[in-house]
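Below: the structure, in C-alpha cells.
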Amino acid sequence: MLIKEIPNGLLKIVLVSFLAFSVLACDTLNVVKERGNEFKGYEIFVNIEGDDTADGLSPETALKTIEGARNLIRRNGLNKNMKADICVYIAPGRYQLDKTLRFDAEDSGSNGYNVVYRNLEDEKPVMCGGRTVKNWEKVTGTDYYVADVSEDLGYAGYFKQLYVNGIRAQQAISNKPFRAISAPKFGDIQKGDVRSAISKHPTRHWWNDPETEQELDGIEFSKQDLHKSYSNVNDLSIHALLVFKMLQIPVEEIMETDSSYIFRLSNSDFQWWTTWQDASGAMGHFIVNAIEELDEPGEWCLNTTEDKIYYMPHSWENINEADVYVPVLERLVDFRGTYAARIKNIVFDGLVFQHGNWLYPEKHLLGRSQAEITGRYDSEVPGQIILNYADDVQIKNSVFRHLGSCGIQPYEGTMRIRIEGNYFYDLSAAAVSTGKWYTDKLLCPDSTICKHTLIRNNVVRNIGRDYYQASAINTFAAYDVIIENNDISDIAYAGIHARIGDKPTHHTGIGRLTYRRNLLSRSSSMHKWGIRDGGTLYTHGYYPNCLVEENYVVYTSQNVMDVYYADNWSNDSRWQNNVSKDSHAEHVCRAWMSSSDRVIFDNNYGDAPCPSAGGAQLINYHYIENEQWPDSAISIMNNAGLEKDYQDMATHAYGHESLLKNKPVIVSSEKDENIAEYGNDNNWETYWHTASGTNGNAWYQVDMEDAYVLEKLVIIPVKDRFESTSRSNYEVQASNDSSFKDYTVLAAKNEVVAYYKTDTKCSNMWEVFLNEPQPFRYLRIVAKNKTASFSFAEFEAFGYKKVAE
C-alpha cells in the first residue's frame, strides 16, 4: 500500500460536528422530500462502476461520475427551494477527470442548505487529472527506460511532473551549475569585490547578439565548463536561483563556436529577467530536461518532439510494476460564478484531488517575481480548484497531493469560503492562494476582492519542489482572511505570505489579515538550490488591522532573513505573543522599512537574541536561554497547530523536527574533534568525519529509539568544504535490527558527485522523499567509496510513528 497515495490516518478522520449534522440532514431528506414518483430521496450515490443514465438513488443504481450527479440535480431541480441538505455520496475509487469539473450558479444550494459531495466510506475517492504511464522499454546501452506519452493516447502535450510510486521524480538536471564564459568562476556573487565587478560589467556577462545590440539575448558558456552538447533543444530550459527569485526559462537555440556554447533564450521574457538588479551571467545556471543529464536514478525527462518520456529507475524499482503518473488536466474543478449569478452553498467533504497540470511554464519564464506571482508581476500561479464569485462554499477533510500548481484558489469576489481539515502534500505552489494579484492595488474593483475567508486546521507539507518561490498559504487582494491553527512544514519559500503591492497607498476594501495559532517550521527549504531571504510569517504592503498572534515557529534555517517579517509598507500591523524556537535566522522580529508606520512587535518570545525590530516598534521581547521557557510561552506552543478534533491528521504526516536529532550514534570511525555526535546535533557549523588512514567503507548509524515510518531523508554537507567521496556512492539503509543483518535500502547516491556551491548560505543538501510503509528504528549511511573518507554536517530524517490498526 502506498502511504502517500492513501494516507491511512487521513482516511479515518472523524468529522465530529459536521458529520453528525450531515447524516441527520440526509436522513431527514429521505423522509420528508418527494418529487413525483421518480425521486424518493435526496441521497444520491456515485460509484466508479456506476452508470450516469441510472437514477442514482441507491448504491445499486449509482451514477458513475460527480458530473453525472451534478447533472441529475440540475435536470430535476432538486436544489430549488431546499428544505435540507442534498448529499451526494461517492464510493472509493479513482475517478478519471478528462475535463474540468465545473459548477455554475444553477448548482448552488438554496434556503441556506448545502449540496454536499462527500466520501461514502472511510477510504476517500480520488479525483485524478493524470494518466498512468505503462509499457516501458529499456533503452539499449543505458540504465533508463522509455515510454510513449503521445496526445493520441490521452496525455498532455506538456507536463513538468512525473510521479513514481507516490514520489515526485526529479527532472533531469545538470550535476552542477554553470557561469557565463566571461564571468568570475569563484567567489560569492552577492558579496564584496565579486558583486562590484559584476555590476560594472557592460552586460553583466550576458551574451548579446551583434545583430540585436539593443537587446540581450542569452548566455555563453565555455566548453571547458559545459563539456557536452545537447540534443532536443526545444524541451530544454535554464534554471537559476538567487536570493528569493528564480529563473526557469525555455531555450530557443544553442549555437556552437570553437570554444563555447551559446544559449539563446526566449527574448521577451529574457529581457524582463535581465532587468532585475542582481541577475547576471555570473549566477549558477542549471541545464534541465536534457537526456544528456539523465544520469542518476530517480531522474526523468520529456521529449515533446517524439512524444516520449524517459526515466531511470532505482535499483529496487521494477518500472513496469510501478505506479507511474503524469498530469494531464490543467484545472480539476472550476466554480464559475459571476457577479450577477453567484455560486452558493456547495461542500466538498472527504475527497482526494491529485495530478493536476499547469501548461504555462512550457513557453514562459517562471520566476523573476515573488511567491505565487508570475509573469511580469501581472499574473498568478493558478489553483487546481478555482472559485469565482462563490459564497459559503466549504472544502474540508480532503486531500490535495501531487499537483503542478496551487491547491485551492478563492480568486475573485468570493465570500465566506471555508477551507478546513485538509491535507496538502507535494504541490508545486501554495496549498491555498486567496485573491487576485494587482500590480497596482488601486485598480482592484471592490467587487473582485475575496472577503471573509477562513483557512483553519489544515496540514501542509512539501510545497514548491519545482517552483522554488512557493509559499504554503498565500494572500493577495482580500479582506478578512483568517489563517489559524494550521500545521505547516517544509515550504520552498515563505510559510504564510501576503502581498498587496509596493506602495504605501491603501485600498479601502483590502485588509484585516489574521495569522493566529499556526505551527510552522522549515520555510525556505529550497536552500538546497540557494533560495534565501523572506520570512516564515510574512506581509508586504498595507493590510490595515493586520494581526499576527500566538503563532509558534519551531525551526528556522539560516537562509531565512526573519522569522516574523513585516516587509515594505506593512503598516498598521501588530505582531504579538508569538514564539520562535531553534531559530537560525538573521532576525526574529523585523520590519524592513525604517518608515514603517504602526508596526508593533509586542510580547514575543525567542531563544535567539532580538535587539531591535528594524523599522518597527519592539516591546517586551523575551530572550529565552537554556530552554527556560515561561508558562506563558509554553501555553502558546501548546495551543498552536491543529485543534483537538483535527490532531489525528498530524500523526500521519512527518513532523517538524528531525527524528535523528541528538539520538544515540555509533560510527565506523571519527576524526579527532569531528566526532559522531556532530552529525546529528542540529548545527550546520559542526560535522562528523571518518578517521584519517582508516581502511574499508565508512558508516554512520543512528538509533531513533522507536520505530517510525520515514518520509524524508536529508544529508547536509560540510560548509565551505568539498570532498567528492562524501558527495557520491553511498546509500541509506534502514533496519529494526541494530546489527543490520537484515535491512532495506531506502535511498542511494550513485557515482555522480553532487555539486558544490559557496554562494551565500546555500546548503546543497541531498534530499529524498520516501514512500516506504514499514516502520524502522535504525538508520545507517554506508559509504561505498574505495576510501573511508566521508563526512557531513547533518543527517536528518522525518516521519511519524505508525499507529496500530
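Count residues from 1 along the sequence.
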Shortest non-hydrogen contact from Asp466 to Gln248?
-> O-NE2, 2.9 Å

Centroid-centroid distance, Tyr623 to Tyr605, less than 6.0 Å = no

Side chain to side chain donor-acceptor pair (under 3.5 Å) between Thr686 and Asp681, intermediate numbers included = CA-CA 8 Å; Thr686 63; Asp681 63 351; 2.6 Å; yes

Salt bridge or not for Asp562 and Arg590, using N-O below 4.0 Å?
-> yes

So which heavy atom on Gly166 is nearest to which on Asn771, and how close?
-> CA-ND2, 3.7 Å

More than 12 non-hydrogen atoms from neighbouring residues, nucleotides or ligands closer than 6.0 Å to CH2 on Trp529, yes or no?
-> yes

Residue list, ring pair (Phe, Tyr, Trp, His ring centres under 6.0 Å) with Tyr565, at least two apart or on another chain | Tyr538

Cation over ring, Arg461 on Tyr425, under 6.0 Å and within 45°?
-> no

Are Lys719 and Glu685 ion-paired here, with the side-chain N under 4.0 Å from a carboxylate O?
-> yes

Quick check: does any side chain N or O of Glu767 sit under 3.5 Å from a backbone N or O of Lys712, one acting as donor and the other as acceptor?
-> no

Could you list the residues that satisfy ring pair (Phe, Tyr, Trp, His ring centres under 6.0 Å) with Trp684, not counting sequence neighbours?
-> His527

Nearest heavy atoms of Met526 and Arg465, plus distance in Å = CE-NH2, 3.0 Å

Identify the two heavy atoms, one from Ala707 and one from Asn736, that lie closest to each other, and give their separation to 0.1 Å.
-> CB-OD1, 4.2 Å

Is Asp706 salt-bridged to Lys801, cutoff N-O under 4.0 Å?
-> yes

Just checking, Arg780 and Tyr743: is the charged tip under 6.0 Å from the six-membered ring centre and within 45° of the axis?
-> no

Heavy-atom closest pair, residues Ala429 and Glu372 = CB-OE2, 3.7 Å

Go through His285 and Phe178 one step at a time and tell me if the ring pair (Phe, Tyr, Trp, His ring centres under 6.0 Å) criterion holds.
-> CA-CA 5 Å; His285 299 86; Phe178 303 99; 9.3 Å; no

Report, as yes or no, whether the 6.0 Å neighbourhood of atom NZ on Lys185 holds more than 12 heavy atoms from other residues, nucleotides or ligands.
-> yes

Ring pair (Phe, Tyr, Trp, His ring centres under 6.0 Å) partners for Tyr708, two or more places apart = none

